[in-house]
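Every value quoted in this text rests on a predicted model; they were computed, and no experiment measured them. We count ligands from 1, going down the list as the structure has it; atoms in each ligand are counted the same way.
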Amino acid sequence: MGASANSLINRPILASIHTQAFQHNLNRVRELAPESKIWAVIKARAYGHCFEAALNSLASTDGFALLDTQDAVWLREHGWQGRILLLEGLFHENELDLAKELHCDLVVHCEAQIDWLERYADKGHKPINVFLKMNTGMNRLGLKPTAYRIAYHRLHSARYRIHHMTHFANADHIDQQPTVSGQLEVFNQTIEGLEGPTSLANSAAILWHRNALGDWVRPGIMLYGASPTGLYADIEHAHLNAVMQLHSEIIDIQELQAGDRIGYGGRYQATEVMRIGIIACGYADGYPRHAKDGTPVWVSNGNDGVVCPIVGRVSMDVLTVDLRHAPEAKIGSVVELWGDRVPVDQVAQMSDTIGYELLCAVAPRVPVKII
Ligand SMILES: Cc1ncc(COP(=O)(O)O)c(C=O)c1O
């Protein structure tokens with residue numbers, strides 16, 4: 001996302017990032033996991049919300065978790081003095097000095113990273129906090145349980161401060177393999193007798209598996225007010241607020257006759273006389289091109305507003321909505337593509353994806369305003 005803009009200038013599209021919603025969602029994590037410390041997960045430019053907004057809003061977190069040393073440099077340069085966790089650890093051995101200088105905690109997920117840390121310890125460097133990641137069934141990053149205890153002892157001998165970590169594959173699905181309870185059992189058995197705090201839970205586990213929180217929780221998507229499952233209904237009563245509001249305006253209106261078609265491919269055909277609002281937002285702004293007819297867009301309509309369906313294919317710079325229920329909408333009327341009135345998850349569902357992807361994909365050309 002690009003530099004912040006102060007108002008709806010030039011092309012009328014704006015992503016506003018609401019700091020109060022951010023703070024509210026962080027407080028919600030504290031309520032749900034009162035015994036745990038929080039790594040606020042802000043990788044991918046804070047899931048597309050920009051680091052600046054995250055840093056300003058989430059300063060009461062216990063630490064920020066992100067992906068690489070460049071992002072850690074940004075946080076330190078902008079005054080963050082608390083803990084930083086590199087969620088995939090180091091990508092190359094030569095980053096160790098920088099990570100140490102930045103006081104980063106490191107995830108360790110493979111033998112190569114252990115080799116690097118052992119060599120580093122041999123040079124007499126002071127130990128670093130590590131989050132030793134166990135692969136308890138997700139089979140992505142992490143050491144197999146059979147290799148975990150050996151890894152632990154190697155790092156322990158090299159005087160690293162070890163935390164035990166795993167990641168759930170299905171905290172958002174009940175009974176799907178591998179289950180949270182299955183992964184938890186493997187984790188607990190493997191670390192039996194080993195010292196060190198634990199870190200287990202992503203947003204879905206924080207919301208739905210309170211027995212699997214651990215000493216450090218790692219919320220991502222819930223901080224942004226979207227659903228871990230991709231379905232808004234699943235968080236409707238979780239008291240989370242949408243942090244990003246993506247707004248634009250109607251820039252033209254077309255009057256169609258029955259039989260007229262709209263946009264590329266003529267996907268939608270009018271069945272009667274209808275007004276179509278042309279909105280300044282397209283896939284080059286990050287709006288999903290796969291949005292189906294019926295995807296909701298909130299349109300201001302006089303003193304009120306109404307949800308109108310998308311009709312026709314989303315193109316690069318515009319999308320088209322059926323204004324039959326918004327008779328007072330006109331050129332210049334504000335629309336909400338997602339936010340408080342239209343949950344991002346509903347747009348995602350109509351586009352066969354999840355809110356995570358849409359939020360992360362907001363394009364650099366969309367101006368951002370932190371409110
Ligand atoms: C290791 C790890 N922990 C926590 C999270 C946060 O997950 P969520 O956004 O589902 O809360 C992620 C995100 O993918 C992750 O990779």
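What sits closest to atom 15 (C) of ligand 1 on the protein, heavy atoms only, is H167 CE1, 3.5 Å. Remark: minimum distance from atom 3 (N) of ligand 1 to any protein heavy atom is reached at R218 NE, 2.8 Å. Ranking the protein heavy atoms by distance from atom 10 (O) of ligand 1 puts Y356 OH, 2.6 Å first.
Within the listing of ligand 1, atoms 8 (P), 9 (O), 11 (O) sit less than 4.0 angstrom from a heavy atom of I221. Atoms of ligand 1 found under 4.0 Å from any heavy atom of Y47 (numbered from 1 in listed order, with element): 6 (C), 7 (O), 8 (P), 9 (O), 13 (C). The ligand atoms of ligand 1 that sit less than 4.0 angstrom from a heavy atom of K43 are 12 (C), 13 (C), 14 (O), 15 (C), 16 (O). Each of the following atoms of ligand 1 lies closer than 4.0 Å to a heavy atom of R140: 16 (O).
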task: Begin with the C-alpha distance, continue with both residues' side-chain angles, and end with the deciding distance and a verdict on side chain to side chain donor-acceptor pair (under 3.5 Å) for S351 and T353.
output: CA-CA 6 Å; S351 315; T353 183; over 6 Å; no
message: For F51 and W80: C-alpha separation, side-chain torsions, deciding distance, then whether ring-ring contact (aromatic ring centres under 6.0 Å, His included) applies.
response: CA-CA 11 Å; F51 281 141; W80 174 248; over 10 Å; no
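The shell of residues lying under 4.0 angstrom from ligand 1, judged by heavy atoms, excludes W39. The closest approach between a heavy atom of M222 and any atom of ligand 1 is not below 4.0 Å.
Polar contact with ligand 1: absent for K133 (N/O pair, distance under 3.5 Å). For the pair S203 and ligand 1, the shortest N or O to N or O distance falls below 3.5 Å. Every N/O-N/O distance between M165 and ligand 1 stays at or above 3.5 Å. At least one N or O atom of G220, backbone or side chain, sits closer than 3.5 Å to an N or O atom of ligand 1.
H164 and Y152 share no side-chain donor-acceptor pair at under 3.5 Å. A donor atom on one side chain and an acceptor atom on the other are not found under 3.5 Å apart for Q177 and N170.
Looking at D293 and R267, a side-chain N of the basic residue comes within less than 4.0 Å of a carboxylate O on the acidic one, giving a salt bridge. Comment: R140 does not engage E88 in a salt bridge, judged by the lack of any side-chain N to carboxylate O separation of less than 4.0 angstrom.
Judged by distance alone, the side chain of E249 and the main-chain N or O of A280 form no donor-acceptor pair under 3.5 Å.
Here the options are R83, R161, K100, R218, the test is salt bridge (Lys or Arg N to Asp or Glu O under 4.0 Å), and the partner is D105; only R83 passes.
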